[in-house]
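The structure appears right after this line, and notes come after that.
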Amino acid sequence: DSKARELFLLVGLDPNTIDRFPAQFSSGQRQRITIARALALQPKILILDEPVASLDVSVQKEIVDLLLDLKEKFGLTYIIVSHDLALIKDIAHRIAVMYLGKFVEIARSQELIDNPLHPYTRALISAVPVPDPVKARSRKRIVLEGEIPSPSNIPSGCRFRTRCAYATELCANKVPELREVLPGHFAACHYAEEIIIRSD
């Protein structure tokens, strides 16, 4: 009981509410309880799957701030699984982008956001909302065409080739390896260097 109360305090909850039923807590409070439960085991690594997906924007910020505080306090490492690049870029040191279960790009967060080398990453970043309307209008949105392949029937060669503007016969015949294209920046694309030239 004393440990549970201590964990409640740690995540910003009133220990006197410890006997409530789950339905008596808000979604943000339930998220804090989930974090407290994970911390009970004193882990070094936490895997967070969409940690703020179901929360409103103000509560999202509170949870992100809590996670950052706990990270510093306990020296935690987070592996965050999320579709929200806007969230990820603010709290992650490195980002790994996956497509159909395979890593297609890995880099330091700001490097990946500023200089994406894989066509899928470029499309993802172009879809992130920009709060500045002037910048939003001047930004080029990349709309992917074609249908997402079934995970049970993955295309030959590059998994992304059926939706890629750069795809050639090489992409259909050879799986691109995840390689270091720039220092510390890895991409699984046969034409990553061409993408760098075109983006310049």
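For the pair I95/I106, no side-chain contact is recorded, criterion being any heavy-atom separation below 4.5 Å from C-beta on. Residues F8 and I33 form a side-chain contact, since some pair of their non-hydrogen atoms from C-beta on lies under 4.5 Å apart. At a threshold of 4.5 Å between non-hydrogen side-chain atoms, the residues F160 and P119 count as touching. The shortest side-chain heavy-atom distance between Y78 and I47 does not fall under the 4.5 Å cut-off. Annotation: side chain of I80 is not in contact with side chain of L46 (no heavy-atom distance under 4.5 Å). Using a 4.5 Å heavy-atom threshold, the side chains of L182 and N115 count as touching.
The pair K89-E111 does not meet the salt-bridge criterion, since no charged nitrogen lies less than 4.0 angstrom from a carboxylate oxygen. Salt bridge status for R32 with E62: present, with a side-chain N to carboxylate O gap under 4.0 Å. A salt bridge between K61 and D65 is present, with a side-chain N of the basic residue lying under 4.0 Å from a carboxylate O of the acidic one.
How far CG of L70 is from CD1 of I35: 7.0 Å, rounded to the nearest 0.5 Å.
Surrounding CD1 of I154 are more than 12 heavy atoms belonging to other residues, nucleotides or ligands, all under 6.0 Å away. Within 6.0 Å of atom CZ in R37, 12 or fewer heavy atoms from other residues, nucleotides or ligands are found, so the atom counts as exposed in its surroundings. In this structure, R108 places its CZ atom where only 12 or fewer heavy-atom neighbours from other residues, nucleotides or ligands lie under 6.0 Å away.
The backbone N or O of V97 lies less than 3.5 Å from no partner atom in the side chain of H118, so there is not a single donor-acceptor pair. In terms of modelled atom types and a separation under 3.5 Å, the side chain of Q60 and the main chain of L55 share a donor-acceptor contact. Under a 3.5 Å cut-off, the side chain of S109 and the backbone N or O of H93 do form a donor-acceptor pair. Side-chain N or O atoms of T77 include none that pairs as donor or acceptor with a backbone N or O of I45 at under 3.5 Å. When atom types are taken as modelled, the side chain of R159 and the backbone of G101 share no donor-acceptor pair closer than 3.5 angstrom.
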Let me see the working for D1 and R5 under salt bridge (charged side-chain N to carboxylate O under 4.0 Å, His left out), right down to the final yes or no. CA-CA 6 Å; D1 185 72; R5 288 174 180 276; 2.9 Å; yes

Are Q31 and L66 close enough, and set up right, to give a side chain to side chain contact (heavy atoms under 4.5 Å, CB included), and what steps lead you there? CA-CA 11 Å; Q31 196 71 325; L66 172 64; over 6 Å; no

Might you work through the side chain to side chain donor-acceptor pair (under 3.5 Å) test for T168 and R161, ending with a clear yes or no? CA-CA 8 Å; T168 66; R161 71 176 172 80; over 6 Å; no

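A cation-pi arrangement is absent between R163 and Y120 under the rule of less than 6.0 angstrom and at most 45 degrees off the ring axis.
Residues S58 and D56 have side chains that bring a donor and an acceptor to within less than 3.5 angstrom of each other.
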